[in-house]
There are 2 protein chains.
Amino acid sequence: MPDRIDLDSDLLNYIIKNGFQPGDRLPTISELQDPNNLGISVSKVREQLEVARALGLVEVRSKTGTRLKEYSFTPAVRLSLFFALATDLRFFEQFSALRTHLEVAFWNEACARLTMDDLAELRQHVGAARAKLSGQWIRIPSEEHRAFHLGIFKRLDNPFVLGLLEAYWDAYEAVELNRYADYAYHQQVWDYHERILDAICAGDFDAAKTAFIEHTRLLRHQPRMQDMESPVEFSSEVAE
Amino acid sequence: MPDRIDLDSDLLNYIIKNGFQPGDRLPTISELQDPNNLGISVSKVREQLEVARALGLVEVRSKTGTRLKEYSFTPAVRLSLFFALATDLRFFEQFSALRTHLEVAFWNEACARLTMDDLAELRQHVGAARAKLSGQWIRIPSEEHRAFHLGIFKRLDNPFVLGLLEAYWDAYEAVELNRYADYAYHQQVWDYHERILDAICAGDFDAAKTAFIEHTRLLRHQPRMQDMESPVEFSSEVAE
DNA sequence: AAAATAGGATTAATCAGATGAATAGGGGCA
DNA sequence: TGCCCCTATTCATCTGATTAATCCTATTTT
């Protein structure tokens, strides 16, 4: 058992020490200033609240006060990842490799936990995606694409893996904001997804995993895509 | 290419937009207040600096000003993870599962990149650890234990995997702060490490990986251990 | 002349207080 | 009862002041 995990933040330590639970309201800022609580000034309290907010640990709203949120790994990962991506897009490839290996590693455990309802939901995503397909170019990744993959892992009892995967899809959306692909491409993608889903339904998780791995290769080559609307460079002065 | 990755932070967006590089000095706080830069007050600048500092993105020191650091995923992961662990130690098991799968997934790629010098360094860790062994109980994990495992992955060109592994060892140390094991246990651990290292040196990465997996099972069972010094509970009032 | 030291200037660190904006809750009116 | 407005609370942001840490420089000392 740990002696004490020092969080390098009076506020976070205070939250732990007082045993606040997700959903609980924290004292107001003025109360937190009180020597019995944190005993620091408004500005300092707000600095630490801002850190906790950035990490997605608390939600701070006017009047209502501050509420402790359910723990999620996602915000911290996303924030750090997005900063990295903003400095250099090549980071995406590395995070992408992490994502693929993660899905493969936790594949069977995640699949085994899926319920019939979950499978039906996945089937719906396939249907919805197919219904959207037409002759025109469609944005990648689609909402259904994200929902399908995250849906496979949603029962995995591991907030860290889930957080990394969620952050991955957030990043994907941010990075590929203006990427579009044509009908044939999306058709192929959803053929793979259907194959994956069928295998899972049949209980053959390994076959599903194999299909997933093939499918990531397809995505890596990214054929038949183009950028719609002129993309704006980062360093551009007009970006604002 | 992304239209624009919004970091939800004036300061971080400012850093990106102005193309600051690691090592660069950012403007002083008073300069950042200037409408030409951020145009926000001290308190707001400091809030955002504090977030950037918590994420390990900048180092802010008196007089010297603020310096942009080399990107690392570790601080963000560690901070979020430590908060989770402080609320519930069971999170450690889940992060531990993530770590094991990660090492396995990136094992061969990491091993393939090791140089002769790296291998010699790993050998030194084994030697140093063995030299420390005696009849007495020794703290786990030892410094060499951490260095050995991180050493295997140090050439892996993936800051995200590395960040997760580093944060794992930080957490391990925090969580197992007062855990000690006897001679026989450490002997066994370093036998495994030596087996792993020998296999890597022989170029048989798969055999090394297999040894690694066995070795994690050993650690999971954690025989012949005990807590030295009375551990202090989290919620304890005297913890401060 | 070189090194050590002391003093001044710059900047971060922290605080106190004021003002504005958002919101919940209560009271009044139809 | 149901709707609307008013008020009190709380967050949001800014300004200004004081303290502490650090660097730079000029002066002193050897």
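Values in this document were obtained by computation on a predicted structure and should not be read as measured data. Per chain, numbering begins at 1; letters A, B, ... match sequence-line order.
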Candidates B/E47, B/R46, B/E50 - the one meeting side chain to side chain contact (heavy atoms under 4.5 Å, CB included) with A/R46: B/E47
Carboxylate-amine/guanidinium contact B/E166 B/R78, below 4.0 Å: no
Charged N-O contact under 4.0 Å between A/R99 and A/E103: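 Yes, A/R99 and A/E103 are salt-bridged.
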Measuring centre to centre across the rings, with the benzene-like ring taken for any Trp, is B/F92 within less than 6.0 Å of B/Y168? yes
Under 4.0 Å, heavy atom to any atom of DNA chain D: which of residues 21-29 of chain B qualify? none
Short of 4.0 Å, heavy atom to strand atom, which residues of residues 32-45 of chain A count as contacting DNA chain D? none
Students often get this wrong, so: under 4.0 angstrom with heavy atoms, is A/R46 touching a base, only sugar-phosphate, or nothing?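 The answer is base, as A/R46 lies within the cut-off (heavy atoms under 4.0 Å) of a base atom.
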Map A/R61 and B/V60 onto DNA chain C by nearest heavy atom, then report which one ends up closer to the 5' terminus. B/V60
Position toward the 5' end of DNA chain C (nearest nucleotide), A/T64 or B/T66: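 Mapping each residue to its closest nucleotide by heavy atoms, the 5'-most match is B/T66.
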Specify whether A/F95 and B/F73 have parallel, tilted or perpendicular ring planes, treating 30° as the upper limit for parallel and 60° as the lower limit for perpendicular. perpendicular
Please list all pairs meeting salt bridge (Lys or Arg N to Asp or Glu O under 4.0 Å) that have one or both residues in residues 142-151 of chain A, counting only residues at least two apart or in different chains. A/K132-A/E144, A/R146-A/D170, A/R146-A/E173
Just grab all the salt bridge (Lys or Arg N to Asp or Glu O under 4.0 Å) pairs involving residues 28-39 of chain B, residues at least two apart or on different chains. none
Full working for salt bridge (charged side-chain N to carboxylate O under 4.0 Å, His left out) between B/E59 and B/K69: CA-CA 7 Å; B/E59 189 182 6; B/K69 293 179 75 173; 5.2 Å; no
Residues in ring-ring contact (aromatic ring centres under 6.0 Å, His included) with B/H101, at least two apart?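 Only A/F106 meet the ring-ring contact (aromatic ring centres under 6.0 Å, His included) criterion with B/H101.
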Salt bridge (charged side-chain N to carboxylate O under 4.0 Å, His left out), that's the test. Do A/R155 and A/D118 meet it? Break it down for me. CA-CA 9 Å; A/R155 297 285 174 193; A/D118 296 333; 2.6 Å; yes
Leading and trailing nucleotides of DNA chain D with any atom under 4.0 Å from heavy atoms of chain B: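 So the outermost contacting nucleotides come out as D/dT13 to D/dC23.
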